[in-house]
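Both ligands and their constituent atoms are indexed starting at 1 by order of listing.
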Amino acid sequence: MKKDVLGVQIDDLPLSEAVDAGFQLLDKPGFHYVVTPNPEFILEARKNEPFRQVLNHADLSLPDGIGVVYAAKILGKTLQGRTPGVDFAQGLMTRMAGAGKRLYLLGAKPGVAEKAAGELKSRYPGLVICGTHDGYFQEDAPVVDDIRASRADVVFVCLGAPKQEFWMAHNGPNTGAALAVGLGGCLDVFAGNVKRAPEAWQKAGLEWLYRLIREPSRLGRMAKLPIVLLDAAKARVTGR
Ligand code: UDP
């Protein structure tokens with residue numbers, strides 16, 4: 001069931017059900033895409049109507065950040081928990097590996113997607129990484145052609161938001177893939193270039209704090225978390 005969080009529709013599913021739903025999209029005709037909103041997405045969507053539309057047309061919209069869960073709670077719409085994009089991607093790759101499905105990695109700085117491909121191939125035997133491309137290209141068409149030629153079932157699109165969501169919505173149907181997933185900085189994590197927070201921090205809902213300590217330059221971006229909570233409180237009080 002979708003829940004509205006400040007104008008953005010969020011699927012309220014535990015991680016395992018989200019992965020099941022994502023994997024099932026591979027058998028449905030046509031192209032599908034998954035978005036992973038965090039507080040930055042929600043603030044951007046409040047001033048960028050085309051972005052909000054693209055988010056709300058996604059087949060699955062998973063709450064990536066604890067801030068989305070808190071904002072929903074303030075609005076009186078309890079979510080079952082956050083479903084980080086990286087966890088969703090890992091669950092999906094496990095299922096894809098079992099079925100011999102083909103994955104294309106798009107995004108990040110040159111060399112990162114190739115490094116991630118190497119790591120993922122050994123972590124998920126059976127998974128076919130059928131192609132990679134960095135995220136700093138000028139023209140879409142050659143990239144779309146490369147994905148089509150790779151016969152990918154799934155594309156991880158890691159260009160940062162809102163670029164990756166627009167890219168999926170506009171170009172996804174021409175790639176021939178069944179599914180694209182917008183995953184921000186995930187390739188940096190899969191390549192081993194960026195470390196995730198230890199599990200205890202993740203369970204405590206403090207992954208954002210761990211990331212801030214490691215990358216203090218993200219402070220400006222993370223300041224969006226309290227703004228979303230304030231917006232949620234205002235919306236709750238005013239009923240708008
Ligand atoms: N990126 C890209 N092309 C661009 C801009 C960004 O491939 O034009 C990549 C960037 O190298 C990084 C990812 O997109 O790997 C975005 O990371 P970000 O920190 O924004 O994502 P988050 O971790 O917040 O989801």
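- Within a 6.0 Å sphere centred on NZ of Lys73, heavy atoms belonging to other residues, nucleotides or ligands number 12 at most.
- Taking a 6.0 Å sphere around CD of Glu49, one finds it holds more than 12 heavy atoms contributed by other residues, nucleotides or ligands.
- Arg196 CZ: more than 12 foreign heavy atoms inside a 6.0 Å radius.
- Protein residues having a heavy atom under 4.0 Å from any atom of ligand 1 are Gly107, Ala108, Lys109, Gly135, Tyr136, Cys158, Leu159, Gly160, Lys163, Gly184, Gly185, Asp188, Arg211, Arg218, Arg221, listed by chain and number.
- Rounding to the nearest 0.5 angstrom, the gap separating the CD1 atom in Ile10 from the OG atom in Ser61 is 4.0 Å.
- The residues Glu199 and Lys203 are annotated as salt-bridged, a charged nitrogen and a carboxylate oxygen being separated by less than 4.0 angstrom.
- In summary, Arg148 and Asp145 do not engage in a salt bridge, as defined by a charged side-chain N under 4.0 Å from a carboxylate O.
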